[in-house]
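Written out below as structure tokens is the structure these notes cover.
In what follows, every chain begins at residue 1, and chains take the letters A, B, ... in the order their sequences are listed.
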Amino acid sequence: DAGITQSPRHKVTETGTPVTLRCHQTENHRYMYWYRQDPGHGLRLIHYSYGVKDTDKGEVSDGYSVSRSKTEDFLLTLESATSSQTSVYFCAISRPGQGFDEQFFGPGTRLTVL
Amino acid sequence: SQQGEEDPQALSIQEGENATMNCSYKTSINNLQWYRQNSGRGLVHLILIRSNEREKHSGRLRVTLDTSKKSSSLLITASRAADTASYFCAAGANSKLTFGKGITLSVRP
């Protein structure tokens, strides 16, 4: 599992409330990623980080923000959750090997916004 | 927009048969990767092929890459019921991956 944990694993919240999901890694990898997975869409990149305090937007970043104050933690925040953000969220880390970036995924967080 | 697109969307085969899954992508890549996802679980990396490679093997997996056609295929030989899962291709470039929508493979015992 590449030492990746996500918390919480399940969350139900109401529209308009803030939500923060946490991804924690134990291997000090530089690159970390947040994806969402929805039926019919596969995985889509929300935000990613290439170092402490270095983050960038992905394909579906609207409504999400991230922070990375320590190498091991990458936080995803929904400032005001909407029903369209009901999804399964996966964190991943990249293990560059000879310049090629295999990614390893956490177990996922199932978020339901009512 | 999705970079990788898999074909077919669903595949059902008998145990022991081979499964072939195809993927197309749109732009330049550094590598093309395949992942597997069992129901309710995270994705597991299967195999990576670099843009300057044409074919790669790993156990019962064989992946090909045709950069001129922007396509890749994954072959699973001698399939087992345990291979039942969703399979995703992912186009790798600039330290990011763009995933397709996935193929659901069912292997009947």
Quick one: pull up [atom1] in [X] and [atom2] in [Y] and give me the separation to the nearest 0.5 Å.
| X | Y | atom1 | atom2 | result |
| --- | --- | --- | --- | --- |
| A:Y35 | B:L43 | OH | CG | 9.0 Å |
| B:K96 | A:Q103 | NZ | CD | 11.0 Å |
| A:Y48 | B:N94 | OH | CG | 7.5 Å |
| A:E102 | B:N31 | CD | CG | 8.5 Å |
| A:L45 | B:L97 | CG | CG | 8.5 Å |
| A:F104 | B:Y35 | CZ | OH | 7.0 Å |

Within 6.0 angstrom of [X] [atom1], more than 12 heavy atoms from elsewhere:
| X | atom1 | result |
| --- | --- | --- |
| B:R80 | CZ | no |
| B:Q9 | CD | no |
| B:R60 | CZ | yes |
| A:E14 | CD | no |

| Heavy-atom distance under 4.5 Å between the side chains of B:F88 and A:Q37, does that happen here? |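 A side-chain contact under 4.5 Å exists here.
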| Would A:F105 end up clustered with A:L75 when hydrophobic side chains under 4.5 Å apart are linked, directly or stepwise? |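 In one cluster with A:F105: A:L75, no.
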| field | Within one Ile-Leu-Val-Met-Phe-Trp-Tyr cluster: B:Y87 and B:I47, side-chain cutoff 4.5 Å | value |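 Same hydrophobic cluster.
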| Do you know which of B:G92, B:G42, B:S95 has the most heavy-atom pairs under 4.5 Å to chain A? |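 The residue among B:G92, B:G42, B:S95 with the greatest pair count is B:S95.
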| task | Counting only heavy atoms closer than 4.5 Å, note whether B:Q37 contacts chain A via side chain, backbone, both or neither. | result |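 The side chain, not the backbone.
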